[in-house]
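One structure is given below, encoded as structure tokens.
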Number of protein chains: 2
Amino acid sequence: MTRILVVEDEPAIRDMIGFALKQAGFQYDESEDAEQALAAVASGPPDLVLLDWMLPGMSGADLVRRLRGEEITAGLPIIMLTARVGENDRVHGLELGADDYVTKPFSPRELIARINAVLRRSVAVAGEQPIEFDGLCLDPVGHRVRTDGETLALAPTEFRLLHFFMSHPDRVYSREQLLDRVWGRGVFVEERTVDVHIRRLRKALAGRGYDRFIQTVRGTGYRFSTGN
Amino acid sequence: MTRILVVEDEPAIRDMIGFALKQAGFQYDESEDAEQALAAVASGPPDLVLLDWMLPGMSGADLVRRLRGEEITAGLPIIMLTARVGENDRVHGLELGADDYVTKPFSPRELIARINAVLRRSVAVAGEQPIEFDGLCLDPVGHRVRTDGETLALAPTEFRLLHFFMSHPDRVYSREQLLDRVWGRGVFVEERTVDVHIRRLRKALAGRGYDRFIQTVRGTGYRFSTGN
DNA sequence: TGCCGTTGTCACACTATTGTAACATTGCTG
DNA sequence: CAGCAATGTTACAATAGTGTGACAACGGCA
């Protein structure tokens with residue numbers, strides 16, 4: 001499930017966006033200002049940010065700059081919502097690092113279309129970069145996992161699982177969520193199947209001690225994290 | 001320093017691109033139309049051309065054709081900027097010889113990403129140079145493959161397959177992708193056909209142990225790599 | 001025309017992968 | 001500490017994915 005963070009101070013617009021997102025099958029969180037948004041992002045980065053240009057307090061532009069500055073959120077796709085139509089402002093917004101912009105008033109369909117377009121692009125671009133944690137390196141393009149020197153042999157599902165975890169570190173996922181995002185929607189398997197694959201992945205990662213990255217959160221699910 | 005030639009008649013977009021390129025550490029020149037561009041290229045070819053599809057006077061398509069026609073600029077990487085979204089136009093642009101295309105409106109970050117991708121490819125491919133891995137040498141011009149001294153006899157499809165693999169090492173390709181890029185788009189054959197040709201290629205490479213370069217990635221496709 | 005290399009497809013063999021169930025262990029709650 | 005729920009672990013049968021050899025069609029060429 002794709003998670004979208006909406007940063008918008010005007011309740012009416014927020015509701016409309018929320019409705020459109022729900023219709024389109026996105027999961028979303030809402031923030032009324034930049035501070036709330038930063039907190040939300042810190043507690044777990046979404047897959048995309050919908051950001052109003054005009055916000056009380058810290059402006060949308062400032063928020064973009066902040067997000068781009070942080071290591072973790074530097075690649076986060078951002079779509080600006082703006083009432084301004086001048087070419088200058090548009091260029092300015094894009095220069096700051098937004099991936100796209102939508103001018104008010106906009107139709108829900110246009111919004112969804114742009115979200116999908118940006119997500120496609122960001123997946124295509126960001127999805128190709130190798131991901132590394134503490135010497136454990138996953139290369140999506142070459143479809144390999146390396147630990148200082150040696151290449152691990154992972155079964156397809158193990159690879160997808162690890163790939164998902166390393167793309168979303170420090171977040172707990174329930175078995176149901178993992179089934180959705182690693183196995184795919186509409187696939188019906190027992191939830192306990194996840195446990196077995198976690199076990200297999202851990203076994204593959206062990207030996208070099210990397211199994212400690214796959215953590216159990218009792219009563220909730222599993223998490224990938226280099227700390228604890 | 002990588003030099004990029006921007007051919008774009010609209011000043012606002014030119015400025016935005018210029019800013020993005022400067023940010024990304026590229027050096028760039030600007031041309032407002034095809035004639036200026038030709039002159040700029042003649043005075044010293046850039047490393048890449050960013051080319052608007054719609055230009056006053058000679059169109060972007062014509063310019064691509066001209067550049068491809070000249071010996072010196074035939075291999076010059078070209079990225080098309082286009083407002084058109086129809087599949088036909090996109091395919092047409094690529095068929096003419098553009099290496100990639102970006103549809104307006106685009107974000108600076110996407111543009112930079114695509115530029116880097118195209119540059120990587122063009123450096124890696126470099127066209128007509130022989131490609132060598134660990135004593136296995138493929139000569140695109142002479143259309144032959146040598147292993148320390150001896151020349152391998154490869155069937156045409158086997159040669160194209162190996163050529164593609166050696167041009168794109170350490171990347172996994174699905175059967176579908178391989179059919180697209182080795183057999184050509186619009187060719188309808190069974191996916192399992194790829195397996196058979198992989199088998200034949202491996203058989204031809206074996207004997208000297210080079211079949212180990214052709215690796216199976218179960219559930220995904222095949223990969224050419226000297227490591228594992 | 002007959003020969004030969006190439007190619008796509010199929011049938012079958014083989015193996016890794018996978019989901020599940022069954023049992024063991026852990027950790028919480030009262 | 002008992003009892004219970006959650007998770008770890010193992011084994012196994014079914015299956016999907018790949019390797020392999022054979023074969024017929026096709027086209028070039030002598």
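Lettering of chains follows the sequences in order, A, B, ..., and the numbering in each one begins at 1.
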For the side chain of [X], starting at C-beta, report the closest nucleotide among [options].
{"X": "Glu158(B)", "options": "dT18(D), dT7(C), dT20(C)", "value": "dT7(C)"}
{"X": "Asp195(B)", "options": "dT18(D), dG19(C), dT7(C)", "value": "dT18(D)"}
{"X": "Arg200(B)", "options": "dT6(C), dA22(D), dT9(D)", "value": "dA22(D)"}

Exercise. Are Tyr173(A) and Phe164(A) an aromatic pair by the rule of ring centers under 6.0 Å?
Worked result: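 Tyr173(A) vs Phe164(A): aromatic centres under 6.0 Å.
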d([atom1], [X]; [atom2], [N]) in whole Å:
{"X": "His197(B)", "N": "dG19(D)", "atom1": "NE2", "atom2": "C1'", "result": "15 Å"}
{"X": "Arg192(B)", "N": "dG19(D)", "atom1": "CZ", "atom2": "P", "result": "8 Å"}
{"X": "Glu191(B)", "N": "dA16(D)", "atom1": "CD", "atom2": "P", "result": "16 Å"}
{"X": "Arg218(B)", "N": "dT15(C)", "atom1": "CZ", "atom2": "P", "result": "11 Å"}
{"X": "Leu162(B)", "N": "dT6(C)", "atom1": "CG", "atom2": "P", "result": "15 Å"}
{"X": "Leu179(B)", "N": "dT7(C)", "atom1": "CG", "atom2": "C1'", "result": "13 Å"}
{"X": "Glu190(A)", "N": "dG19(C)", "atom1": "CD", "atom2": "C1'", "result": "9 Å"}
{"X": "Leu161(B)", "N": "dT7(C)", "atom1": "CG", "atom2": "P", "result": "11 Å"}

Looking only at side-chain N and O atoms, does [X] come under 4.0 Å of OP1 or OP2 in [N]?
{"X": "Thr157(A)", "N": "dT17(C)", "result": "no"}
{"X": "Thr216(A)", "N": "dG8(D)", "result": "yes"}
{"X": "Arg175(A)", "N": "dT7(D)", "result": "yes"}
{"X": "Trp183(B)", "N": "dT7(C)", "result": "no"}
{"X": "Tyr222(A)", "N": "dG8(D)", "result": "yes"}

For this session: Locate the shortest heavy-atom distance separating Leu5(B) from Ala37(B); write the atom from each residue and the value.
Result: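 Closest pair (atom of Leu5(B), atom of Ala37(B), distance): CD2-O, 3.9 Å.
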With a 3.5 Å cut-off and no angle check, do the side chains of [X] and [Y] form a donor-acceptor pair?
{"X": "Arg144(A)", "Y": "Ser225(B)", "answer": "yes"}
{"X": "Thr216(A)", "Y": "Arg202(A)", "answer": "yes"}
{"X": "Tyr210(B)", "Y": "Arg212(B)", "answer": "no"}
{"X": "Asp134(A)", "Y": "Thr226(A)", "answer": "no"}

For this session: Show the numbers, then the answer: is there a side-chain contact (heavy atoms from CB on, under 4.5 Å) between Ile4(A) and Ile115(A)?
Result: CA-CA 9 Å; Ile4(A) 297 182; Ile115(A) 287 174; 3.8 Å; yes
Exercise. Heavy atoms under 4.0 Å, any strand shown: does Val217(B) hit a base, just sugar-phosphate, or nothing?
Worked result: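 Since only primed, P, OP1 and OP2 atoms lie under 4.0 Å of Val217(B), the category is sugar-phosphate.
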Problem set entry | Strand contacts (DNA chain D) in residues 202-213 of chain A, 4.0 angstrom heavy-atom criterion |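 Heavy-atom contacts with DNA chain D come from Arg202(A).
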